[in-house]
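Reviewing the structure listed below.
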Amino acid sequence: MLSRDFLRKNLDQMPRLLRGRAYDPGALERWGALDAERRALMTSAEGKRSERNAVSAEVGKKRKAGQDADAEQERSRSLGEEIAALEARLAAIDGELEESEKALPNVPHESVPDGDDEKGNVVVKVQGTPRAFAFEPKAHWDLGPALGILDFERAAKITGSRFTVLSGAASLLNRALIQLMMDLHTREHGYTELLPPFVVNSASLFGTGQLPKFEQDLFRLAGTDWFLAPTAEVPVTNMHRDEILAEEILPLSYCAYTPCFRAEAGAAGRDTRGLIRQHQFDKVELVKFVRPEDSPGQLERLTRDAETVLERLELPYRRVLLCRGDMGFSSAKTYDLEVWLPGQAAYREISSCSSFEAFQARRAAIRFRRSAPGGKGKNEFLHTLNGSGLAVGRTLVAILENFQESDGSVTVPEALRPYCGGLASIRPPGAS
RNA sequence: GGAGGAGUGGCCGAGUGGUUUAAGGCGGCGGUCUUGAAAACCGUUGAGCCGCGAGGCUCCGGGGGUUCGAAUCCCUCCUCCUCCGCCA
């Protein structure tokens, strides 16, 4: 959410600031008129309330002194009616203002390139060279079943499409990857690990920006205010909802492994094969709470922290700076990390690292007390960032496809072996 | 799930209808004193909003109600605690 102050000052600039982003221009115009009316009504209502408070106190005083206070009582009562009328109008205006504010996307950072879709994204870095195969590399949806470690059909029986059973080495590797990522981020990158609830309420989803606009992407527990978390970003960012943090503890860095649940409405027909787009997947998430002046540097660091996982696993990837039109609703700036998948001969997203500036902090009321020499500092909204470090299922896919051999086996990357009992190679059933 | 109890400023805690614009304490900050520190003493110290300003308004877990007037009374929801039941 953008601040009212910012909207007021930049109302005529908003079309330029939000160019390329999805929003309703008519809502902006209405916002301006409503805001002015709201402030006028407020001044009037507060004046009346002030008078009523005084008159009301007079009633008490006179009564105590045994005097007649009927005139004051009547005046207070009629003021009360006037106030109630003004307040009803105010509440209606407030509701409308909030509706339009909630629906406005974040203003992109100035370093974000123009563009309407992924064609406007900019590759800022390419790391590693895709391996030259002496044979036709298979896609993981062929490799996995052949190795007997990915079972799509039985998962469809148990639940439905876009679910998978991992068995044997796939389950082991998945577990090892989580462990490797969590160890790396906690021991080498300074993150504090959390195991948050996987179920979140609507207030939390509003705080990070999934609600109210994107409920169709979520699984809701029937008859409740609870949803399966679509990403650990939601529970972890909302850790500090409605809090005022001390400046000294910033930057705060958390990492958390959670399963993630997404309804994938509107993705019908896309990535229907394999592990790429599932209703349930594991992810290690990185979340930071930082001072506003630190957020650009911290986005670079967080993105590096995610890249380090790919480098440890010897996976070729590239870093892409998303253009204005391809960013998420809440983001001010986003880097996607894309891993090379030989089976598709393409780079595919494996991490998305974003700075939200104060957009989420405002929605979730997360502030910090700026320390000032000789006394009290001001409370300010802090900046939040997060990124996948990494999406575990897609990392498993990348390992299977990049490290496959001509005999159908898959070599386990060196860095992962200590986490899976020294397993060096995954072999097809029956192979020696 | 059943029965009780409780939610007040960073923390503890007083307040059961009208100078409470929330007492007091702790903690924090500033100062006096001191070579320095501690102690003691003095002062200061919640959040948000409206207003050019003076100033004003709102907030005592959330929401609703009663009243001229609500932290205080009523309804409802949430959370926590105790006991019972159930359970990994």
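Order of the sequence lines sets the chain letters (A, B, ...), proteins ahead of strands, with each chain counted from 1.
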Task: A:R8 vs B:C50: side-chain N/O to OP1/OP2 distance below 4.0 Å - done: yes

TODO: For A:Q73 and B:U66, give me the distance from atom CD to atom C1', rounded to whole Å.
DONE: 14 Å

Open item on the list: Between B:C81 and B:U32, how far apart are the two P atoms, rounded to whole Å?
Closed with: 47 Å

TODO: Write down the distance separating the P atoms in B:U45 and B:G25, rounded off to the nearest Å.
DONE: 14 Å

- [ ] Return the set of residues passing salt bridge (Lys or Arg N to Asp or Glu O under 4.0 Å) with A:R241 (not counting sequence neighbours), or none when no residue passes.
- [x] none

Open item on the list: Tell me whether the side-chain N/O atoms of A:R367 come closer than 4.0 Å to OP1 or OP2 in B:G48.
Closed with: yes

Task: Gap between atoms CD and P, on A:E82 and B:G69 respectively (whole Å) - done: 13 Å

Open item on the list: So that I can tick it off, tell me whether A:E307 and A:R304 are bridged by a salt bridge, with the cut-off set at under 4.0 angstrom between side-chain N and carboxylate O.
Closed with: yes

Task: Sequence-aligned protein contact record of nucleotides 52-58 of chain B, with B where the base is within under 4.0 Å of a protein heavy atom and S where only the sugar-phosphate is - done: ----BBS

TODO: For B:G10 versus B:A47, give the span between their P atoms, rounded off to a whole number of Å.
DONE: 8 Å

- [ ] Send over the distance from A:E72 CD to B:G69 P, rounded to a whole Å.
- [x] 14 Å

Open item on the list: Taking the ring centre of each residue, are A:H383 and A:F289 less than 6.0 Å apart?
Closed with: no

Task: C1' spacing across the pair B:G30 / B:G48, given as an integer number of angstrom - done: 26 Å

Task: Where RNA chain B forms stems, i.e. three or more consecutive Watson-Crick or G-U pairs with both distances under 3.5 Å - done: B:1-7 with B:78-84, B:10-12 with B:24-26, B:27-32 with B:40-45, B:46-50 with B:55-59, B:61-65 with B:73-77

- [ ] Under the side chain to side chain contact (heavy atoms under 4.5 Å, CB included) rule, what do A:R220 and A:W226 come out as? Steps first, then yes or no, please.
- [x] CA-CA 6 Å; A:R220 183 175 198 149; A:W226 290 351; over 6 Å; no

TODO: Answer yes or no: is there a donor N or O on one side and an acceptor on the other, between the side chain of A:T43 and the main chain of A:R39, under 3.5 Å?
DONE: yes

- [ ] With C1' as the reference atom in both, quote the distance from B:G55 to B:U21 in angstrom, rounded to an integer.
- [x] 13 Å

Task: Side chain of A:M42 - closest among B:G18, B:A47, B:C50 - done: B:C50

Task: Separation of B:A47 C1' from A:F368 CZ (nearest whole Å) - done: 16 Å

- [ ] Kindly write out the residues that satisfy salt bridge (Lys or Arg N to Asp or Glu O under 4.0 Å) with A:D151, not counting sequence neighbours, or none if the list is empty.
- [x] A:R154

Task: Pair A:Y254 and A:H185, ring centroids less than 6.0 Å apart - done: no

- [ ] For A:D12, enumerate each residue passing the salt bridge (Lys or Arg N to Asp or Glu O under 4.0 Å) test, keeping only those at least two apart in sequence or located in another chain.
- [x] none

Task: Pairwise P distance for B:C26 and B:G64, with rounding to whole Å - done: 38 Å

Task: Atom pair distance, as rounded to whole Å: CD1 in A:I244 and P in B:G10 - done: 7 Å

TODO: Using atom CG of A:D242 as one end and atom P of B:G9 as the other, report the distance to the nearest whole Å.
DONE: 14 Å

Task: Span that lies between the P atom of B:U76 and that of B:G2, in whole angstrom - done: 14 Å

Open item on the list: Of the listed nucleotides (B:A47, B:G18, B:C50), which one gets closest to any side-chain atom of A:T43?
Closed with: B:C50

Task: Interatomic distance, A:H240 NE2 vs B:G10 P [rounded to whole Å] - done: 16 Å

Open item on the list: Are more than 12 heavy atoms, taken from residues, nucleotides or ligands other than A:E293, located less than 6.0 Å from that residue's CD atom?
Closed with: yes

Task: Per A:V59 side chain, nearest of listed nucleotides B:A47, B:G18, B:C49 - done: B:G18

- [ ] Of all the heavy-atom pairs spanning A:L147 and A:P429, show the shortest one and how long it is.
- [x] O-CD, 3.7 Å

Open item on the list: Checking A:R270 against A:E264 for the salt bridge (charged side-chain N to carboxylate O under 4.0 Å, His left out) test, could you report, in this order, the C-alpha distance in whole Å, the side-chain angles of both residues, the deciding distance, and whether it holds?
Closed with: CA-CA 10 Å; A:R270 289 179 60 198; A:E264 295 296 346; over 6 Å; no

TODO: Could you check how far CZ of A:R369 sits from P of B:C29, rounded to whole Å?
DONE: 13 Å

Open item on the list: Taking B:G61 as the reference, what is the distance to B:C80 when you measure between their C1' atoms (whole Å, please)?
Closed with: 11 Å

Task: Basic-acidic side-chain contact under 4.0 Å: A:R19, A:D116 - done: no

Under 3.5 Å between N/O atoms: give me all the protein pairs with nucleotides 61-64 of chain B, atom names plus distance.
none

Task: Ring centers of A:F329, A:F214 separated by less than 6.0 Å - done: yes

